[in-house]
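We use all heavy atoms of the structure for the numbers below, so side chains are in, but hydrogens, waters and symmetry mates are not.
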Amino acid sequence: MDRRKLLEGLAGAGIAAGLAGWFYERRKPWPASGSGYTSRIADGFPVRFTEVAAQAGIKFRHHNGAFGKKYLPETLGSGCAFLDYDNDGWLDVLLVNGMDWPGHTTERSTMKLYRNNRDGTFADVTAAAGLDVEMYGIGVAVGDYDNDGFPDLYITCYGPNHLFHNNGDGTFTDVTRRAGLGGYSGLSTSASWFDYNHDGYLDLFVANYVKWSPETDIYCSLDGKSKSYCTPEAYPGATCWLFRNRGDGTFEDVTGQAGLYDPTSKSLGLTVVDYDLDGWPDIFVANDTQPNKLYHNNRDGTFSETAVMAGVAFSEDGVARAGMGADAADYDNSGLPSLVVTNFSEQMIGLYRNDGHGFFVDEAPASALGKSTRLTLGFGCFFFDADLDGRLDLLVANGHIDEAISRVESSIHYAEPPHLFHNEGGGRFRDVASLVGGSFDAPKVARGCAYGDFDNDGDLDVLLTTNNGPAYLYRNDLAVNHSIRFRTLGRESNRDGIGTKVRIWTPDGMRWLEVKSGSSYLSDSERVVTFGLGSRRAVDRVVLEWPSGRRQEFGRLEAGRAYLVEEGTGIVGNVAFAPRYS
């Protein structure tokens with residue numbers, strides 16, 4: 001039967017603090033033409049990533065607790081996030097951590113929260129913020145679930161997950177049980193905040209991997225001699241969870257009634273995407289050795305699973321791959337959101353282009369993306385405009401799960417370089433990871449990654465974690481091209497404006513981005529949307545479409561500035577970017 005025919009049936013209390021931070025006075029405006037900024041282009045690519053974690057004061061090492069037993073959760077972490085937890089207008093950094101296994105104590109390890117000092121450095125405020133709590137943390141999702149103006153944290157774990165409420169005074173309180181989220185324990189991975197029923201409050205979707213415990217651990221071996229980490233095929237699957245926000249600080253488990261209960265899933269990554277542009281958020285889930293899932297929002301509190309009909313459940317040859325991370329964006333400027341999924345080594349990445357009829361076509365096998373990713377094992381991934389030329393590029397964090405892999409497969413390595421695919425237009429990508437400097441292309445056992453403009457200079461920096469290793473902070477030292485940024489402040493919609501579509505028009509055409517939570521792998525990027533404009537210094541028109549259905553339109557806006565848009569009111573302020581590093 002034809003698949004297309006089958007598809008036919010388918011603010012509050014924190015605002016003042018936030019405004020004060022967002023309009024923090026910069027020293028200089030965006031550099032004018034002829035200001036002395038010169039392009040430092042090597043091999044045709046102008047971006048330089050400078051690794052600054054140590055000099056910035058971020059001295060973190062992930063601890064997975066491994067002591068030789070090869071427990072499955074040790075392979076997964078960890079996640080990271082860019083967030084402005086204190087609403088001062090500068091992005092802070094959160095890094096999730098694991099811990100020792102019972103009976104094998106070697107060190108005390110907790111997640112880390114680093115406050116941005118606004119001078120290129122960060123201060124460790126974990127203890128002062130009340131977050132120095134031991135847990136076997138894996139991922140993080142950031143969202144203002146009570147609309148009080150301050151971002152809250154949901155930490156996924158092996159064992160009980162944790163919801164930390166931001167008190168608005170620099171501290172957090174664990175409200176997991178109070179919020180009705182206690183009693184949920186397992187092996188959770190990625191999570192995302194989104195308003196699936198358009199009631200103005202953020203709901204929570206949580207991905208779960210498999211049913212595993214030390215007592216049910218299975219012996220597996222790569223070489224027949226020593227224990228190795230098992231594939232998820234050795235364990236039963238586990239359903240994802242959907243928690244509806246009641247609007248009073250508590251949540252209700254609606255997994256079953258929403259049509260999302262599926263104990264066969266083995267989920268690692270997810271992204272929320274309105275793939276059919278009907279104004280309602282859908283959910284894509286990347287599954288490991290099981291078919292991926294695409295849950296279409298029926299607009300009545302329920303979802304329908306459409307991945308097979310949409311062409312995103314399997315590889316091109318009909319095989320369920322080992323899906324890891326995921327993201328969604330309009331990478332080809334077609335007006336439609338497409339999907340990317342990272343997979344295991346020898347499987348290649350999946351780049352599912354949206355054809356506009358509820359169906360996707362995997363472009364990776366016929367592109368440089370497929371060839372470049374065939375041997376690497378991808379985890380975190382995201383679309384972003386690294387060089388601000390107006391086309392979305394793609395970053396993929398790579399790293400294998402077992403240090404012994406090269407002994408049994410010489411062409412595959414434990415530590416692997418990341419990919420940075422530059423969007424050349426016309427569906428073509430070029431891996432420029434070796435051109436951006438800063439040891440960016442050095443082999444790493446990478447996992448989570450996120451993007452955000454931590455120095456407020458208008459280009460996007462990168463945060464990347466490794467398994468049982470350090471975190472990396474790459475400052476984008478781009479000396480060319482302009483951008484414009486928008487932060488959303490919901491009133492009828494959720495306070496973060498998550499789900500808002502922001503569209504801009506220039507003489508080059510229309511482009512759009514969506515304010516979203518989650519995506520990548522275990523991680524969360526900044527809430528502000530950034531449009532690269534190349535050499536253009538203004539946009540002709542801007543339209544915001546809010547989850548509430550409200551539409552706001554603005555005329556010409558200058559580049560080199562970040563604009564704060566309040567739902568129903570308009571632009572309530574803007575600020576010039578800080579000077580770029582030269």
Side-chain angles (χ1 to χ4, degrees), residues 71-77 136 138-139 141 154-163 176 180-192 194 196 203-218 220 229-244 251-272 281-298 301-310 312-315 318-326 341 343-344 401 518 521-522:
Y71 285 162
L72 184 64
E74 296 166 1
T75 67
L76 298 179
Y136 202 99
I138 294 177
Y154 187 78
I155 309 296
T156 64
C157 302
Y158 167 67
N161 297 337
H162 294 264
L163 176 64
T176 311
L181 296 172
Y184 291 88
S185 185
L187 181 49
S188 298
T189 50
S190 296
S192 184
F194 72 125
Y196 81 94
D203 310 298
L204 178 64
F205 187 89
V206 181
N208 290 299
Y209 194 30
V210 296
K211 294 179 180 178
W212 177 93
S213 70
E215 294 73 28
T216 60
D217 186 66
I218 295 174
C220 298
Y229 292 108
C230 291
T231 74
E233 294 168 300
Y235 300 99
T239 186
C240 298
W241 298 320
L242 176 63
F243 299 104
R244 183 182 67 84
F251 293 81
E252 174 190 5
D253 184 347
V254 295
T255 309
Q257 67 191 67
L260 298 172
Y261 179 76
D262 180 6
T264 69
S265 285
K266 300 177 179 181
S267 306
L268 288 174
L270 70 95
T271 187
V272 175
D282 313 302
I283 310 165
F284 176 82
V285 180
N287 278 321
D288 189 355
T289 71
Q290 291 292 310
N292 299 323
K293 299 297 171 66
L294 181 61
Y295 294 107
H296 179 260
N297 192 325
N298 297 325
T302 69
F303 292 80
S304 298
E305 209 291 292
T306 62
V308 174
M309 291 188 293
V312 298
F314 305 104
S315 66
V319 175
R321 292 185 282 193
M324 306 293 179
V341 187
N343 294 301
F344 211 77
I401 63 170
Y521 172 76
L522 312 179

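Across all non-hydrogen atoms, the minimal contact from Asn343 to Gly323 is OD1-CA, 3.3 Å. Taking every heavy atom of both residues into account, Glu74 and Tyr136 meet most closely at CA-OH, 3.4 Å. Across all their heavy atoms, Pro291 and Ala320 have their closest contact at N-CB, 3.8 Å.
Among residues two or more places apart in sequence or in another chain, the ring pair (Phe, Tyr, Trp, His ring centres under 6.0 Å) test is passed with Tyr158 by Trp101, Trp212. For the side-chain contact (heavy atoms from CB on, under 4.5 Å) test, residues two or more places apart in sequence or in another chain that qualify with Glu252 are Arg244, Arg246, Val254, Gln257. Thr302 meets the side-chain contact (heavy atoms from CB on, under 4.5 Å) test with Asn298, Asp300; sequence neighbours excluded. Annotation: salt bridge (charged side-chain N to carboxylate O under 4.0 Å, His left out) contacts of Glu233 (sequence neighbours excluded): none. For Tyr184, the side-chain hydrogen bond (donor to acceptor under 3.5 Å, both in side chains) partners at least two apart in sequence or on another chain are Asp253. The side-chain hydrogen bond (donor to acceptor under 3.5 Å, both in side chains) check on Ser190 picks up nothing, with sequence neighbours excluded. For Ser188, the side-chain contact (heavy atoms from CB on, under 4.5 Å) partners at least two apart in sequence or on another chain are Thr156, Asn161, Val206, Asn208, Trp241. Scanning for side-chain hydrogen bond (donor to acceptor under 3.5 Å, both in side chains) contacts around Tyr235 gives Asp217, with sequence neighbours left out. The side-chain contact (heavy atoms from CB on, under 4.5 Å) check on Thr264 picks up Asp262, Gln290, Lys293, with sequence neighbours excluded. Cys230 is linked by a disulfide (SG to SG under 2.5 Å) to Cys220, counting only residues two or more places apart in sequence or in another chain. By the side-chain hydrogen bond (donor to acceptor under 3.5 Å, both in side chains) test, Thr289 is found to be paired with no residue, residues two or more places apart in sequence or in another chain being considered.
Summarising the geometry, atom OG1 belonging to Thr189 is positioned 7.5 Å from atom CG belonging to Leu270; distances are rounded to the nearest 0.5 Å. For the atom pair Tyr196 OH and Asp203 CG, the distance stands at 5.5 Å (nearest 0.5 Å). In this structure, the separation between OG1 on Thr239 and OH on Tyr261 is 6.0 Å, given to the nearest 0.5 Å. Atom OH of Tyr209 and atom CG of Leu187 lie 8.0 Å apart (nearest 0.5 Å).
Under the 30°/60° scheme for interplanar angles, the aromatic rings of Phe194 and Phe303 are found to be tilted.
Judged by distance alone, the side chain of Thr306 and the main-chain N or O of Leu294 form a donor-acceptor pair under 3.5 Å.
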